[in-house]
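Written below as C-alpha cells is the structure these notes are about.
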Amino acid sequence: MRWKTSRRTIRLDRPLVMGILNVTPDSFSDGGRFALVDAAIARAEEMIAEGADIIDVGGESTRPGSGLVDVNTEGDRTLPVIGMITKRFDVPVSIDTTKWGVAMMAIDRGGAEIINDISGLRWDARVADVAARSGAALILMHSRGEFGNMHDQLPVDDILLEVRTGLSRSIKLARKWGVEDSRIAVDVGLGFGKTHDQNLELLAKLDNIVDEFDSYPMIIGASRKSFVGKVLGGVPAGERLGGSIAAAIAAIERGAKIIRVHDVRETVAAIKVWTNSKQEK
C-alpha cells in the first residue's frame, strides 16, 4: 500500500510511526513543554532521530474542557514550527487542524504535506478543498459532537456501525471536494466520543474496519489516552507508556499502518521487535 502527499509517495510496507508535537499550552499529556519554537524544533529533531516517519504538529488542544482557538492564534503557534521542520529535515509534516485557514497556511507557507482533521470534515468541509487543491494527504478521523461537547456525547449502541458510517460519510465528502482516494487515510478516533468499553472494542475489532476501508491506510492514536490509563488502574498520562505500546502493537496486528504516538523511541523499538518476530515465522 502507498499513500500520496503533496511532496512524496509514502510506502506502507511496514508500520510507520507518527510523532506527536503539541505546540499548545494546555495539551493533556505535555501541555506547555513545546510551546516555544526552539523547544518544539528540538523535540522534532529528537523524534526524527528516534525513528519517527512523520511529525504531526498541533496548535489546539482537544482534551476535555479545552477552549476553541482562533485561526490566527493556531497559525501563530504552528507555522513557525512547521516551517523550521520542513526547512531543516526531509520528513513529512502533518498539520493537526480542523480549520481550512490553518490548513491552507500550513501547506502554502509552512510546507506541510498532510492534513489531520479530527472532525472528519464535519466542522469545516473546506479543509477538503485545501487538500484537493494542494495535493496534500488528508486524514479523516471519526468523532462525534462539536468541539465543546465531543467528549460528553451519550454512547451509541453500536460503535462499529457508528464509526463505519461516519468514516464513509467523511470519505464521500472528501471525494466530492476532489480529494483523490490515494491521498486519504482514516482513523477510528479512539477516545473521541467513545466509552471506555467502546475504545477497547474498536481496538479488538479493528481488523473488521480495516477490511471495510482497505483502500485507505488506517491510523491509530491510543498514546497515553484515558482508556489506557483506566485499564492500568487510573494511572496519569505520564505513566501509560506500557499500555500505549501494547495498544499500538494490538492495532498493528489488526491492520493499522501508522501509529500516532508521544513516545517515539519506545514505540519504534517495540515495532522493530514485533516485525522481526513476524519474519522468523
**Prompt:** What is the minimum heavy-atom distance between S94 and D56, and which atoms define it?
**Reply:** OG-OD1, 2.7 Å
**Item:** Linked, directly or transitively: M18 and L206 (ILVMFWY side chains, under 4.5 Å)
**Value:** no
Would you give me the side-chain donor-acceptor pairs under 3.5 Å for residues 82-89, sequence neighbours excluded?
from : atom 1 : to   : atom 2 : distance (Å)
T86  : OG1    : I82  : O      : 3.0
T86  : OG1    : G83  : O      : 3.1
T86  : OG1    : G110 : O      : 2.7

**Item:** Candidate pair S226 and R240, rule side chain to side chain donor-acceptor pair (under 3.5 Å), full reasoning
**Value:** CA-CA 9 Å; S226 58; R240 299 171 186 170; 5.6 Å; no
**Asked** Under a 4.5 Å cut-off applied to non-hydrogen side-chain atoms, are V210 and N208 in contact?
**Response** no
**Request:** Determine the sole option in T24, V102, N72 for which the side-chain contact (heavy atoms from CB on, under 4.5 Å) test with R77 is passed.
**Result:** T24
**Asked** Can K4 and D181 be counted as an ion pair, charged N to O under 4.0 angstrom?
**Response** no
**Message:** Does atom CG (L161) have a neighbourhood of more than 12 heavy atoms from anything else shown, all under 6.0 Å?
**Reply:** yes
**Asked** Does D211 have any salt bridge (charged side-chain N to carboxylate O under 4.0 Å, His left out) partners at least two apart in sequence or in another chain, and if so, which?
**Response** none
**Message:** Is a donor from one side chain sitting under 3.5 angstrom from an acceptor on the other, for E60 and T97?
**Reply:** no
**Prompt:** Of all residues at least two apart in sequence or in a different chain, which pass the salt bridge (charged side-chain N to carboxylate O under 4.0 Å, His left out) check with R11?
**Reply:** D13
**Asked** Applying the side-chain contact (heavy atoms from CB on, under 4.5 Å) test to R133, which of D108, V179, I107 qualifies?
**Response** D108
**Asked** Is the shortest distance from a Lys or Arg side-chain nitrogen in E162 or K194 to a carboxylate oxygen in the other one below 4.0 Å?
**Response** no
**Asked** Would D117 and K99 pass as an ion pair if we require N to O under 4.0 Å?
**Response** no
**Message:** Closer than 4.0 angstrom, basic N to acidic O: yes or no for R43 and E46?
**Reply:** yes
**Message:** Which residues pass the salt bridge (charged side-chain N to carboxylate O under 4.0 Å, His left out) test with R2, not counting sequence neighbours?
**Reply:** none
**Item:** Donor-acceptor pair between T73 and D76 side chains, under 3.5 angstrom
**Value:** no
**Message:** Hydrophobic cluster membership, with links at side-chain heavy-atom distances under 4.5 Å among I/L/V/M/F/W/Y: are I55 and I115 in one?
**Reply:** yes
**Message:** Quick one, F192 and R144 - any side-chain contact, counting heavy atoms below 4.5 Å?
**Reply:** no
**Request:** Please name all residues satisfying salt bridge (charged side-chain N to carboxylate O under 4.0 Å, His left out) with E212, sequence neighbours left out, ordered by chain then number.
**Result:** R164
**Message:** Please enumerate all residues that pass side chain to side chain contact (heavy atoms under 4.5 Å, CB included) together with D197, with sequence neighbours excluded.
**Reply:** T195
**Request:** Give me the one residue out of V37, D96, T78 that meets side-chain contact (heavy atoms from CB on, under 4.5 Å) with V23.
**Result:** T78
**Asked** Should T9 and W3 count as side-chain neighbours, where that means a heavy-atom distance under 4.5 Å?
**Response** no
**Prompt:** Are T275 and R14 close enough that some pair of their side-chain heavy atoms sits under 4.5 Å apart?
**Reply:** no
